[in-house]
Amino acid sequence: MAPPYPTQRPTDATHLPADEFDLPTELLNLPWIDSHTHAQTLSWADRERYSLAGCRAMVMVASGYHWTPYKPVTAADVRYLWDDAINRRRAIERNHFFEAGLALGAHTGVRIENPAELVGSMADYCGLDEVVAVGETGITPAQHVESWDLDAQFELVRAQMELADEHDLPVILHTPNATGEGPDYRPGVGLPGFELNTELAEEPVLTGENPALEAVEIDVDAAHEAGLAEERVVASHADPNNVDYLLGETDCYASFTVGYEWLTGVTAADVAAAIEEYGPERVLVETDCANVLDTDVFSVKRTILELYRLGIDIDDIRQVVFENPRSVYGLAD
Ligand SMILES: [Zn+2]
């Protein structure tokens, strides 16, 4: 029964039962892990927002060609990204109090001139305590500036997976999203929200009905060839185009990028659908925040609240935003 209010006439409060809704206050302090972010490229204020929003730990990924100015890329260019992340990781942790593990890898979005040399140097990095994953990597259907044939991409992905297996590390895949057609922008303005010269995209090397899905299927083949167990593969950028394959036909993890719905259309509703269909055991969530993209540091925290609204149990929410990444990456122990 609603209490008798001294309002002049009945209000909503008069008509609503007082105990209608139990506030899920534990969500406000639920620890969460960003399974894939490029937070080392963000501003200090962005990283502070992570702590303010209760981020307990993150995987800081250093591998993307977005931060290497020269195209094609050399092994030394990619190593610079790894070294930069190593150089700053501890200072970031000490400033903001969350734990930051590193993922180091070689992306295939731009051709690398001497990939064997890069893989050769990677073993020593994989042995570092702060390195919690190899990646992001994986077959890319179309490169930036200059194409890279599938065989060469496959060899680089496979070789990194072998190293991951030797060092008992998981691999983060850059699983391509199947994005729909966006609006038609005025010539010359590029893609608003993505500070990359997208006009320099090459013709795809992977053609067919569904290249975004085909790419992740080839990645899983590479894992098999490398002897890396499927349960050591985390497919980032999971979406409705690949989730049935990943969770229905493999033992891989599917990590949903919720940090830029404007580009991929992926939201908490996709995460909720995956949990309802396949259970929470192999589902993760990530922001993929990066300075080159319009991304949202708060997106995982928002997803926590939205998953509850969508009917997901708090225990399951906790599992996907905290327990799963905690066990996959060995963070927040
Ligand atoms: Zn990324």
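Atoms within a ligand are numbered from 1 in the order they appear, just like the ligands themselves. Note that the structure is a prediction, hence the values are computed from the model and not measured.
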Find, among atoms of [X] that are N, O or S, the one nearest to the Zn ion (ligand 1), and state its name.
X	result
His38	NE2
Asp288	OD1
Glu136	OE2

With a cut-off of 2.8 Å, does His36 put an N/O/S atom close enough to the Zn ion (ligand 1)?
yes
Aromatic contact, His96 with Tyr50 (centres under 6.0 Å):
no
Review point. Centroid-to-centroid, His66 to His38, below 6.0 Å?
Key: no
Review point. Are Asn291 and Trp67 close enough, and set up right, to give a side-chain contact (heavy atoms from CB on, under 4.5 Å), and what steps lead you there?
Key: CA-CA 10 Å; Asn291 63 350; Trp67 298 282; 2.7 Å; yes
Exercise: do Glu286 and Thr257 side chains pair donor with acceptor under 3.5 Å: yes
